[in-house]
Structure formats: C-alpha cells, structure tokens
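Take a look at the structure set out below.
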Amino acid sequence: MGEGNLSCCLGCAGILTLAVVIISVAAIIDGYHEIEEGHVGVYFKFGALQDEITEPGVHMRQAFVTRTRQVLIRPEEESLQSLEAITKDGIEITFEGIGVLSRTRRDKVVVLIKNFGMDFKKVLIHDRIREDLRLFCANQTIDQVYNEKFLEIVEAVKSDVEDQIISLGNGGVEILNLVIPKPDIPQDIALNYKQVKVQWTEQLVAKQQK
C-alpha cells in the first residue's frame, strides 16, 4: 500500500473517530436532564407518551427521540381570568380575582395527560369552575348572588367541580381551596346596596341609643 493510500485511510479513520465522539457527546448532552423538586418527569418517545415517570433529580433519556416534560405535583395556587355571568333576572356581573389551590396526584399523572393533555388542570378545574359559577348565577337573582347566597357560592361550586373531577378525571387532581370574591355589579345597583347598608346602620345606632 502506498504512502498516499495509507495517509488517506488514516485521515478517514480520524474523521470517523471524530464523528463518533461528537455524536456520543451530543447524545449524552441531549439525554441528560434534571427534574426539579416538587415535580415528576414524563416522557414522550417519537411523540407517544410513555408510562414511565421519574422523581426529582438527574436522569438520562434516550437521546434525540425522547423529550421530557415536568409536571408539578405539589400544591399550586392559580388565578383565573375575569369571568362574566348573567343572573336569573338578567343582570350582568363580573367576577375578578378567583383563585384556586390545587394538587395533582402523582399516580394519576400519566392517565391525566393521556386523557386531557398537558393542560389537564385547565380542563378539569379552571373550565369547570367557570362553567359552574355561570350556572349558579343563572339560577339565582342578583340579590341572592350578591347578598343572600353569596357565602354558599364557594361550597356549591367546589362540591360540583370535585364531583366532575372524580367522574371525568378519576380523582386525579384535588381542590385544596377555592376563593371567589364578590362580583362587580352595575353601579346603580351597587349604590342602592350602599344606601340600604347606610340606612340599616343608622337604624341600628338609633335603636342602641334609645
């Protein structure tokens, strides 16, 4: 074999070795990943969700064909967007600052994602709260929503949403707390309530002074 051929073979071998090293390093970098505390890791191989989940820490996955997503399983507090509703007597009201504290069950994570996607909390909790709150208002007058039954709203909505979570999501997420502030109501009605409150206070003071 001539010196030219030998040099050519050595050069090809060197290039091949370098390519193998580069691919190996790239595979290690792509496969290495961390799962943060309070989360579990789920895996999609060729786009298909796998049954495996991993705990917080450092892990390796099959490079290039598998991607990782983290799912929070510790309690999470979220605020819902403003919600408009109409009462039984046709009054438009708006709820601002609705907050929900929820937690995902570790053993239900894969099933939840398979059935509802990564945004399963929106489907099972947020959308259900909005739907149930609108339904509650539609069956009550403005005075019942704003006054008489206001303290019953949270329990009524929470209880119904929890039933739906059990039915639709096999109890995969839990509602730990739900906050529904008083709705914003039309200015003229709010003024009327304020006047009534002032009159009630004046009557109470007058009665105590007798």
Side-chain angles (χ1 to χ4, degrees), residues 33-44 49-57 59 67-88 91-140 142-185 190 193:
H33 61 284
E34 295 182 2
I35 304 300
E36 298 175 358
E37 191 64 44
H39 297 70
V40 293
V42 296
Y43 299 87
F44 293 83
L49 178 63
Q50 306 299 293
D51 291 331
E52 173 193 12
I53 62 174
T54 52
E55 302 294 337
H59 303 276
R67 61 186 178 91
T68 306
R69 296 288 298 272
Q70 295 192 62
V71 178
L72 184 65
I73 58 172
R74 67 185 173 200
E76 178 183 24
E77 186 172 10
E78 299 173 288
S79 295
L80 277 63
Q81 294 182 346
S82 60
L83 181 145
E84 295 180 352
I86 300 178
T87 62
K88 186 178 181 179
I91 306 300
E92 294 185 10
I93 58 178
T94 303
F95 290 89
E96 302 280 1
I98 299 173
V100 58
L101 180 67
S102 64
R103 178 173 55 203
T104 302
R105 287 180 52 183
R106 178 190 179 281
D107 59 322
K108 301 292 185 180
V109 168
V110 172
V111 174
L112 289 171
I113 297 173
K114 283 184 176 179
N115 291 335
F116 304 102
M118 290 297 299
D119 208 8
F120 55 83
K121 277 191 177 182
K122 178 181 181 300
V123 178
L124 290 173
I125 297 180
H126 302 178
D127 291 350
R128 300 287 73 74
I129 289 174
R130 298 174 70 86
E131 179 183 308
D132 275 27
L133 185 51
R134 283 196 178 104
L135 187 61
F136 182 93
C137 293
N139 288 295
Q140 312 295 333
I142 181 63
D143 191 56
Q144 289 173 319
V145 172
Y146 196 75
N147 265 333
E148 294 179 15
K149 295 188 177 182
F150 174 72
L151 296 178
E152 301 176 18
I153 294 178
V154 168
E155 185 57 37
V157 172
K158 183 173 180 287
S159 177
D160 193 66
V161 172
E162 287 174 335
D163 288 343
Q164 293 186 67
I165 289 173
I166 293 173
S167 174
L168 299 174
N170 198 23
V173 288
E174 303 170 89
I175 296 178
L176 304 178
N177 190 43
L178 176 62
V179 176
I180 302 178
K182 273 203 171 187
D184 294 332
I185 61 178
Y193 277 120

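Legend: residues meeting salt bridge (charged side-chain N to carboxylate O under 4.0 Å, His left out) with Lys114, ordered by chain and number and at least two apart, are Asp51. Scanning for salt bridge (charged side-chain N to carboxylate O under 4.0 Å, His left out) contacts around Asp143 gives an empty result, with sequence neighbours left out.
Ion pairing of Arg106 with Glu55 is present here, as a side-chain N (NZ or NE/NH1/NH2) and a carboxylate O approach within less than 4.0 Å. In summary, Arg74 and Glu37 do not engage in a salt bridge, as defined by a charged side-chain N under 4.0 Å from a carboxylate O. Salt bridge Arg128/Glu131: present, at least one basic N to carboxylate O contact under 4.0 Å.
The stretch residues 164-176 participates, sequence neighbours left out, in these salt bridge (Lys or Arg N to Asp or Glu O under 4.0 Å) pairs: Arg103-Glu174.
Within a 6.0 Å radius of CD in Glu84, other residues, nucleotides and ligands contribute 12 heavy atoms or fewer.
Without hydrogens or angle criteria, Lys182 side chain to Tyr146 main chain gives a donor-acceptor distance under 3.5 Å. When atom types are taken as modelled, the side chain of Arg134 and the backbone of Leu83 share no donor-acceptor pair closer than 3.5 angstrom. Looking at Asn139, its side chain does come within 3.5 Å of a backbone N or O of Leu135 through a donor-acceptor pair. Without hydrogens or angle criteria, His33 side chain to His59 main chain gives a donor-acceptor distance under 3.5 Å.
To the nearest 0.5 Å, the span separating CG on Asp127 from NZ on Lys122 amounts to 3.5 Å. Here Leu176 contributes atom CG and Lys158 contributes atom NZ; the two are 8.0 Å apart, rounded to the nearest 0.5 Å. Interatomic distance, Ile165 CD1 to Lys108 NZ, rounded to the nearest 0.5 Å: 13.0 Å.
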Q.
The test is side chain to side chain donor-acceptor pair (under 3.5 Å); show your working for Asp132 and Gln164 and say whether it passes.
A. CA-CA 10 Å; Asp132 275 27; Gln164 293 186 67; 3.2 Å; yes

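Only one option out of Thr104, Val109, Val110 pairs with Val40 in a side-chain contact (heavy atoms from CB on, under 4.5 Å); it is Val109.
When all heavy atoms of Phe120 and Val173 are compared, the closest pair comes out as CE1-CG1, 3.8 Å. Here the closest non-hydrogen pair linking Gly41 and Ile35 is CA-CD1, 3.6 Å.
Side-chain N/O atoms of Thr54 and Tyr43 include a donor and acceptor closer than 3.5 Å.
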